[in-house]
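Mind looking over this structure? Questions follow.
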Number of protein chains: 2
Amino acid sequence: MMKEHMRVTAHDVAEAAGVSRSAVSRAFTEGASIAPEKRQRILSIASMLGYQPNRIARGLSGRRTGLVALVFGRVSSPYEAWLLDHLSQAIRARGKWPLLLSAFPEGELDGALAHALSYQVDGAIVAAGSVSRTLAERCAALGAPIVMVGRILDGVAVDAVCCDNALGMRQLVELLVSEGRHRIAWIGGKAEAFSNVERQAGLLEALSGWGLEPWARRVADYSVEGGMLQALALLTADERPDAILCGNDAMALGAISAARRLGLGVPEEIAIAGFDDIPAAAWEPYLLTTVCNPVAETAAQALRLLEQRIDDGARPHEVVRLTPRLVRRRSA
Amino acid sequence: MMKEHMRVTAHDVAEAAGVSRSAVSRAFTEGASIAPEKRQRILSIASMLGYQPNRIARGLSGRRTGLVALVFGRVSSPYEAWLLDHLSQAIRARGKWPLLLSAFPEGELDGALAHALSYQVDGAIVAAGSVSRTLAERCAALGAPIVMVGRILDGVAVDAVCCDNALGMRQLVELLVSEGRHRIAWIGGKAEAFSNVERQAGLLEALSGWGLEPWARRVADYSVEGGMLQALALLTADERPDAILCGNDAMALGAISAARRLGLGVPEEIAIAGFDDIPAAAWEPYLLTTVCNPVAETAAQALRLLEQRIDDGARPHEVVRLTPRLVRRRSA
DNA sequence: TCCCGTATTGAACACGTGTGCAATATAGGC
DNA sequence: GCCTATATTGCACACGTGTTCAATACGGGA
């Protein structure tokens, strides 16, 4: 191939500049011992030749590749896409590159992450709700810098950042109850998903604080379609709830559609609320009342934790709990 | 750090198995010359030790890293997220890994792609609508395997896959006109965006085929919010259009919201159509009539072109035009 | 038993860079 | 002008792998 023939290496630059190859390397290394004017000359000649240090080789020699693995289950759902956007932006802002791991069957995840470590990533940010405990422990044991987002594993020594799901649910329940809603139904997500576990627990606790119990409980898959189907079932039952709380916004959007399809007024006849505050929640036909999952701050904190962990692998593990904010719109 | 201390290399495996390091390398190389039973023994010892070839080192020595750069402008918008999902899935299915480049100011893109090439990616799939012609030419000249998605640059020798935007617009116009709509307004995107250029040109051509001209032309930014604002302006003007064609689905969703806000019936008083068929287009409150941009096939074709280009850098360049499919829902 | 062709093997080199160490240049103080 | 502390520099090695090439083992036919 032509490619390798045209590739310009540090050696070429050194020759052109009449210096040693080490000098070229040092010119590109922040804080290395080299005369300022010589560095300038080398840099200018390098850019003239179109030279750029080969990060692969650099990663082999030094111990840093500048790669950060982003472990996602799926990217297409609104919340994940949103989070991914912020994370990749944050990573780029720190001069690193995101290596994306996504879209594989859940079971394959463990193997995939191990595989990714063979790329010598400096660290990984895991946003997949379904990483196995075993994998997390293995990583922790391996000493690989890892930050979990939206998930906390008790007893596993891992940094994590996660919004206070229980607090969010408490705010929602308080809002609904204070408006006189007492027949509150719940549409949750998959039982294994951590966010769902915490949100459901928060819901139950908050309700019992008012001496209430869920009017009904149903399970969907965090999708719009799933939310709609379960809401249809709830709203056509003999005893209708007067409010539906959903485990995430997507299902809540589906629930609103279900109510409309049945000719029920939202929020007059049925109040509906979600969780996350994805962009679509603010769209005119929905105006969903929800709880804002602070994505930007989540990304920032995750990256901060990761960098601190990379710098000092022995520091005590930290769990950051972000405060969600109630967003009142029309649906409740 | 502990990490490097614990790292197990081919050398360790060779020692444990009582063979040369070359043998270990060959055991992990498909089709290399090695006795079958020896390979099995090495592989089993390797997995026992938790060894895995270091892809970074492998990329340095061989010429393949197994990395494919995905160049995106932004990831958060629905269509991009959707495409990204399919692309990353397709890449993973081929045993490679996606390296994500996104979320930088447009101008920085050229530098970013050049930077990414320093990771020795085997190739890149560029989905950013706004890659400069200069950059594309530079890549082509550099011989780096590149496939452009959703964009075609005349005169630049690059593989590309792109849906037939003009055909899509023709189908939409035909549908609208055949239903008696003659006052068709257009909300386009940024003038530089390739998809917008083609779609707008297709619209004008199709309209003129019926002896028509756009009732009005406005520009937004491919966002829901932008679409709503421009639609509000259109629908409150003295002479109202009887149909609004939008450059993409997101703007069309905004337009539907605008019509609702003004109490106009969709499609009775105003027909609205978009382009792409993002998931949200099928949501109940919208039921947007649109044209389906075949994302899965786009991803598959892009990867096919990339792999062929990697295998043979000299083959003639290919441009794949995918056929969009009209999706009739309620809004038109 | 000997010879030759073939399947395996191991040693050595290449890939492009960072970095420790000793050597050198430079400047400053006397 | 000389000596010493310091700033630069270049050499050589390390990083972990793929791959070429000569050497070796093996097996079969004469």
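On a predicted model such as this, the values are computed, not experimentally measured, just so you know. A note on names: the letters A, B, ... follow the listed sequences, proteins ahead of strands, and every chain is numbered from 1.
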Separation of dG16(C) atom C1' from Gln52(A) atom CD, nearest Å, is 14 Å
When rounded to whole Å, the CG to P distance for the pair Leu60(B) and dC15(D) reads 14 Å
Atom NE2 of His11(A) and atom P of dT17(C) are separated, to the nearest Å, by 11 Å
Side-chain contact check for Asn54(B): nearest option of dT19(C), dG18(D), dG16(D) is dG16(D)
Show me the donor-acceptor pairs within less than 3.5 Å that the side chains of residues 13-38 of chain B make with the rest of the protein, sequence neighbours left out.
residue: Ser20(B); atom: OG; partner: Ser22(B); partner atom: N; Å: 3.4
residue: Ser20(B); atom: OG; partner: Ala23(B); partner atom: N; Å: 3.2
residue: Thr29(B); atom: OG1; partner: Ser25(B); partner atom: O; Å: 2.8

Rounded to whole Å, the CD-P distance (Glu15(B) to dG10(C)) equals 14 Å
Looking at every strand, decide which applies to Phe28(B) at a 4.0 Å heavy-atom threshold: base, sugar-phosphate, or nothing. nothing
key: Donor-acceptor contact present, side-chain Asp12(A) to main-chain Thr9(A), <3.5 Å   = yes
Please check this pair: side chain of Thr65(B) against backbone of Gly59(B), looking for a donor-acceptor N/O pair closer than 3.5 Å.
no
For Arg64(A), the salt bridge (charged side-chain N to carboxylate O under 4.0 Å, His left out) test, sequence neighbours excluded, returns none
Computed from five pairs at either end and rounded to 10 degrees, the angle between the axes of the helix from dT1(C)-dA30(D) to dC30(C)-dG1(D) is 50°
Tabulate atom names and distances for all N/O pairs under 3.5 angstrom spanning the protein and nucleotides 8-14 of chain D.
residue: dT9(D); atom: OP1; partner: Lys38(A); partner atom: NZ; Å: 2.9
residue: dT9(D); atom: OP2; partner: Ala35(A); partner atom: N; Å: 3.1
residue: dT9(D); atom: O5'; partner: Lys38(A); partner atom: NZ; Å: 3.3
residue: dG10(D); atom: OP2; partner: Ser20(A); partner atom: N; Å: 3.2
residue: dG10(D); atom: OP2; partner: Ser20(A); partner atom: OG; Å: 3.0
residue: dG10(D); atom: N7; partner: Arg26(A); partner atom: NH2; Å: 2.7
residue: dG10(D); atom: O6; partner: Arg26(A); partner atom: NH2; Å: 3.1
residue: dC11(D); atom: N4; partner: Ser22(A); partner atom: OG; Å: 2.9

With sequence neighbours left out, the residues meeting side-chain contact (heavy atoms from CB on, under 4.5 Å) with Ala57(B) are Leu60(A), Asn54(B)
Ser47(A) meets the side-chain contact (heavy atoms from CB on, under 4.5 Å) criterion, sequence neighbours left out, with none
side-chain hydrogen bond (donor to acceptor under 3.5 Å, both in side chains) filter on Tyr79(A), not counting sequence neighbours, yields Asn293(A)
Rounded to whole Å, the CZ-C1' distance (Arg58(B) to dC15(D)) equals 16 Å
Within the pair Tyr119(A) and dT17(D), is there a side-chain N or O less than 4.0 Å away from OP1 or OP2? no
Taken in chain and number order and not counting sequence neighbours, the residues that satisfy side-chain contact (heavy atoms from CB on, under 4.5 Å) with Pro78(A) are Ile278(A)
Query raised in the report: Does a side-chain N or O from Ser25(B) land closer than 4.0 Å to OP1 or OP2 of dG18(D), or not?
Result: yes
Applying side-chain contact (heavy atoms from CB on, under 4.5 Å) to Arg304(B) and not counting sequence neighbours gives Gln301(B), Gln308(B), Glu318(B), Val320(B)
